[in-house]
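In what follows, a single structure is set out as structure tokens and then discussed.
The basis for the numbers below is simple: all heavy atoms, side chains too, and nothing from hydrogens, waters or symmetry mates.
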Amino acid sequence: MKAISSYFTASLRLAVRNIAVQRSFATDPTPSTEKNPLDNIKPHTRSGVLSVVEKDDSGFPSYIILKETSPILSQAMINIKTKKRRQKKSSILLEGKRLIQDALNAGVKPKQIFFSQKRVLENLCIPEELRDLPVSRTIFYKAPYKMIQLFTETETSQGIMGIFEIPAFDHSVRKNVFPITVICDNIRDPGNLGAVLRTVTAVGASQILLMKGCTDLWGDKVLRSACGAHFRMKIVSDVDWSSLSNIKGQVCLADNNSLSTTDISEDNKIEVFRKTAPIELPIVPYYEVDYCKTTPLIFVIGGETLGLSEDSYEFARTQKGIRVNIPLQNGIESLNSATAVGILCFEAKKQMLKLIQDENQIDKMELKN
């Protein structure tokens, strides 16, 4: 009986074990052969990645979702924090949809674009080659808004910022430009310089030269104030006065010092400026200058704080230039640089357009005869 009992006990145990094995095979999922999307991310950045999203059927590009503790955004900001770092990395920071779209339209190459919500990125017209980038090469990163707000230079971020390469444009193909060159001297305020770039670009001048001593062309505030002028105008920075020795044209100096209306002699022939010029130059009201007499036309504009340098006066003297005055009233002593250069450039443009129209009228009259 004991042998029979032992036999049945062993058989029962074997049957139970077989059932358990069968159940385990039935419940175990089939091993997946799909690759984990996170494997496409570089190992040193995976720690800051929450997940990844592939390109969808609507055409929205693939992107990486960052953790709140991710170092990717902070490291990108460190790399462009100072002028020296921007130059070393050849990178600039662009904030807001408008500025980023201007850069994309101009063909500037983006390195990284951070956004807080999909709808922010959906409003951009993104080139197809960027939309088609796989996760392993994507430049798009979805980050919490408070992370983006932490690094923004504006009071309230639009929830999108991008790191772009410093562009190098070929402006030789620009059309419908006026023969006007604007030289910026001692403009240290970023907002002021950006406004000057914006104004001169709107006029349609041929180029802008930034002398050494001006604030950084690619600074955050300059970029925002210029509203895309960087991508539409030929701008040369860090220019030395010695390199302008061969430049030819009609030179007009304009700074922020107004003409004194109280220090005029009895014969009304002597006009005295509140700031004494280091070199005496002829002074002419801006509306009496014939800007079409000699081209190209060269305007030299100074900063609000320091004004024009002695080098600029020496440059004007060697070029037989003049000092252009914008008369002011009601006790106002000066205009900001952007306002002054706008008045001068648009007056010059008006005269040039009138000359073109007059020449066209002459041509038509000759054809009739």
Check your understanding: Is the backbone N or O of Gly48 less than 3.5 Å from a side-chain atom of Ser70, with the two atoms forming a donor-acceptor pair by type?
Key -> yes
Check your understanding: Quick check: are there more than 12 heavy atoms from other residues, nucleotides or ligands sitting under 6.0 Å from NZ of Lys83?
Key -> yes
Review point. Is there any salt bridge (Lys or Arg N to Asp or Glu O under 4.0 Å) pair reaching into residues 148-159, and which pairs are they, with sequence neighbours excluded?
Key: Lys81-Glu153
Revision key, fill the gap. Residue set satisfying salt bridge (charged side-chain N to carboxylate O under 4.0 Å, His left out) with Lys97, at least two apart, ordered chain then number -> none
Point to revise | More than 12 heavy atoms from other groups under 6.0 Å of NZ on Lys88 | key: no
Review point. Between Phe60 and Phe140, is the gap from one ring center to the other below 6.0 Å?
Key: no
Check your understanding: Has the side chain of Thr152 got a donor or acceptor atom that lies under 3.5 Å from a matching backbone atom of Ile148?
Key -> no
Review point. For the residue pair Thr181 and Ser206, what are the closest heavy atoms and their distance?
Key: OG1-OG, 3.7 Å
Check your understanding: Of the options Cys252, Cys292, Cys345, which is the one that meets Leu297 in a side-chain contact (heavy atoms from CB on, under 4.5 Å)?
Key -> Cys252
Check your understanding: Any side-chain donor paired with an acceptor under 3.5 Å for Thr339 and Asn336?
Key -> yes
Review point. Between the side chains of Ser334 and Glu304, is a donor N or O closer than 3.5 angstrom to an acceptor N or O?
Key: no
Exercise for review: Go through the structure and list residues passing ring pair (Phe, Tyr, Trp, His ring centres under 6.0 Å) with Phe151, not counting sequence neighbours.
Suggested key: none
**Study point:** Working for salt bridge (charged side-chain N to carboxylate O under 4.0 Å, His left out), residues Asp220 and Arg224
**Key:** CA-CA 6 Å; Asp220 302 336; Arg224 292 197 306 275; 5.3 Å; no
Review point. For the residue pair Val135 and Ile64, what are the closest heavy atoms and their distance?
Key: O-CD1, 4.4 Å
Check your understanding: Sequence neighbours excluded, which residues qualify as salt bridge (charged side-chain N to carboxylate O under 4.0 Å, His left out) partners of Lys248?
Key -> none
Review point. Take atom CD in Glu310; do more than 12 heavy atoms of anything else shown fall under 6.0 Å from it?
Key: no
Review point. Between Gln351 (side chain) and Val289 (backbone), is there a donor-acceptor pair under 3.5 Å?
Key: yes
Review point. Is there a donor in the side chain of Ser58 and an acceptor in the side chain of Asp56, or the other way round, less than 3.5 Å apart?
Key: yes
Review point. Could you give the distance from CE (Met77) to CG (Leu73), rounded to the nearest 0.5 Å?
Key: 5.0 Å
Practice item. Quick one: which residue pairs count as a side chain to side chain donor-acceptor pair (under 3.5 Å) with a foot in residues 120-133, not counting sequence neighbours? Key: Lys55-Asp132
**Study point:** Non-hydrogen atoms of Phe178 and Leu353 that approach each other most closely
**Key:** CZ-CD2, 3.7 Å
Exercise for review: Answer with yes or no whether the hydrophobic clustering places Ile78 together with Met161; edges join I, L, V, M, F, W, Y residues whose side-chain heavy atoms lie under 4.5 Å apart.
Suggested key: no
Check your understanding: Under 3.5 Å, is there a donor-acceptor pair between the Glu54 and Ser62 side chains?
Key -> no
Exercise for review: Look at atom CZ of Arg198 and say whether more than 12 heavy atoms of other residues, nucleotides or ligands are closer to it than 6.0 Å.
Suggested key: no
Exercise for review: Please answer whether the main-chain N or O of Val203 pairs with a side-chain N or O of Lys349 as donor and acceptor at a distance below 3.5 Å.
Suggested key: yes
Point to revise | Distance-minimising heavy-atom pair for Tyr291 and Met352 | key: O-CE, 4.2 Å
Point to revise | side-chain hydrogen bond (donor to acceptor under 3.5 Å, both in side chains) involving Asp102 - partner list, sequence neighbours excluded | key: Arg232
